[in-house]
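Just so it is clear, the model here is predicted, and its values are computed rather than measured. We name chains A, B, ... by the order of the sequence lines, and we start the count at 1 in each one.
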2 protein chains.
Amino acid sequence: MADTKQRIQDVARELFARQGYTGTSMADIAGRLSITPAALYYHYKSKADVLDALLAEPLAAYAELAERASVLTPAELLAAFVDFTARANAVIPVVTGDPAVRDLLDERFPRSPKEMMDAVIAALAGPDPDRPALIRAHAAFAVVKEATAAVLAERGLESADRKEILAAARRVLDA
Amino acid sequence: MADTKQRIQDVARELFARQGYTGTSMADIAGRLSITPAALYYHYKSKADVLDALLAEPLAAYAELAERASVLTPAELLAAFVDFTARANAVIPVVTGDPAVRDLLDERFPRSPKEMMDAVIAALAGPDPDRPALIRAHAAFAVVKEATAAVLAERGLESADRKEILAAARRVLDA
DNA sequence: GTCTATACTTAGATAGAC
DNA sequence: GTCTATCTAAGTATAGAC
């Protein structure tokens with residue numbers, strides 16, 4: 001990818017994460033790069049396209065995970081999801097926090113994050129889940145997502161952290 | 001409170017929850033009430049004031065919970081937090097999802113939601129926590145917050161649900 | 001308490017020069 | 001590839017009539 005496009009994505013990822021997608025203007029992004037907003041439109045035809053470029057790879061990874069979910073054991077799925085969360089850490093709040101982003105993604109990507117999350121939850125809950133099983137699945141999902149984010153907020157995700165998170169998630173899942 | 005003010009708050013709560021604070025305009029709120037935006041400014045002097053009015057009660061409840069956190073047992077704290085989450089359900093995503101709201105609250109309320117969350121996490125982690133204890137505290141917090149929200153998304157929080165959520169959170173906390 | 005009209009600002013986006 | 005200049009739309013907010 002051209003150097004300028006890469007730099008735009010890096011700045012956009014940081015600003016979207018800090019201020020949200022709706023809360024970040026094209027002028028904000030351009031200012032950080034010491035160019036004018038108009039110059040951005042040479043590289044991307046809209047603000048939504050900048051977001052697309054930023055999310056394409058993480059969303060594809062999420063889709064792959066959701067597709068494999070039903071053939072993995074819960075332990076394998078939780079482990080894979082910790083790693084996904086760690087890699088996509090910077091963009092997850094952008095997707096989950098801003099309703100405008102959710103609507104954009106519905107138009108532009110085949111499967112919504114909500115659908116993919118539901119697939120993971122369903123796999124964690126097992127076949128024909130009752131209400132307690134669904135609650136435990138949501139809880140285990142939450143443990144992985146939030147605990148991983150909490151660790152990454154102040155340091156790298158070390159091997160011991162990963163094991164602790166997975167152990168907690170498995171305790172939640174096994175009633 | 002005057003009837004119109006109450007109806008403005010009800011509409012604002014619903015729209016902020018669905019579209020986010022930044023993603024909701026005064027015209028959106030006014031339209032739902034079949035009045036003009038200008039009329040809103042008779043009742044509230046700014047959009048931020050509408051948000052303030054909406055969040056004052058939940059934030060005060062959260063502050064009280066955070067203050068009592070250190071003298072409650074973890075089980076009591078988790079139970080109180082389930083109930084708080086259930087009551088504040090509609091506005092929690094408004095606060096946590098939009099960075100602009102976080103900045104507004106920093107200016108307008110004495111203690112930020114982040115600070116209060118940290119107090120709860122610290123109480124759950126116990127004195128002089130090591131890294132695993134902090135991870136477990138974050139995980140238990142996440143279980144209560146997300147599982148309660150998941151249940152409320154499709155039905156009321158029944159007594160059995162509450163017990164299931166608390167049992168899961170306690171399994172996370174006790175290594 | 002609500003309206004019309006409007007001021008002011010910011011944002012997304014385009015045209016055309018360089 | 002980037003700029004200047006500009007358009008259009010939307011949003012917050014106010015003034016003053018009713």
Whole-Å distance between dT14(D) P and Leu40(B) CG? 13 Å

Are any of Tyr42(B)'s side-chain N or O atoms less than 4.0 Å away from OP1 or OP2 of dT2(C)? no

What is the separation between atom NZ on Lys45(B) and atom P on dA15(D), rounded to the nearest whole Å? 14 Å

Can you measure Asp28(A) atom CG to dA13(C) atom P for me and round it to whole angstrom units? 14 Å

Which residue, Lys45(A), Lys47(A), Arg108(A), forms the salt bridge (Lys or Arg N to Asp or Glu O under 4.0 Å) with Asp52(A)? Arg108(A)

Minimum-distance nucleotide (side-chain atoms of Ser25(A) versus dA11(C), dA13(C), dG1(C)): dA11(C)

Among dT14(C), dT14(D), dC3(D), the nucleotide that comes nearest once only the side chain of Tyr41(B) is considered: dT14(D)

Ile35(A) side chain: which of dC3(D), dC3(C), dG1(D) is closest? dC3(D)

Over how many whole Å does the gap from Lys47(A) atom NZ to dT10(C) atom P extend? 15 Å

In whole angstrom, give the distance that lies between atom CD1 of Ile29(A) and atom C1' of dG12(C). 12 Å

Look at Asp106(B) together with Arg102(B) and state whether they make a salt bridge at an N to O cut-off of under 4.0 Å. no

NZ/NE/NH1/NH2 to OD/OE distance under 4.0 Å, Arg131(B) and Glu158(A): yes

Pair Arg7(A) + Asp3(A), salt bridge at N-O below 4.0 Å: yes

Which one, dA5(C), dG11(D), dT2(D), comes nearest to the side chain of Ala38(B)? dA5(C)

When all nucleic acid strands are considered with a 4.0 Å heavy-atom cut-off, which category describes Thr24(B): base, sugar-phosphate, or nothing? sugar-phosphate

Gap between atoms CE and P, on Met26(B) and dT9(C) respectively (whole Å): 19 Å

Less than 4.0 angstrom from a charged side-chain N to a carboxylate O is my criterion; do Arg32(B) and Glu14(B) meet it? yes

Whole-Å gap separating C1' (dT2(C)) and CZ (Arg32(B)): 20 Å

Round to the nearest Å and state the distance from Gln19(A) atom CD to dA11(C) atom P. 10 Å

side-chain N/O Thr36(A) vs dC3(D) OP1/OP2, d < 4.0 Å: yes

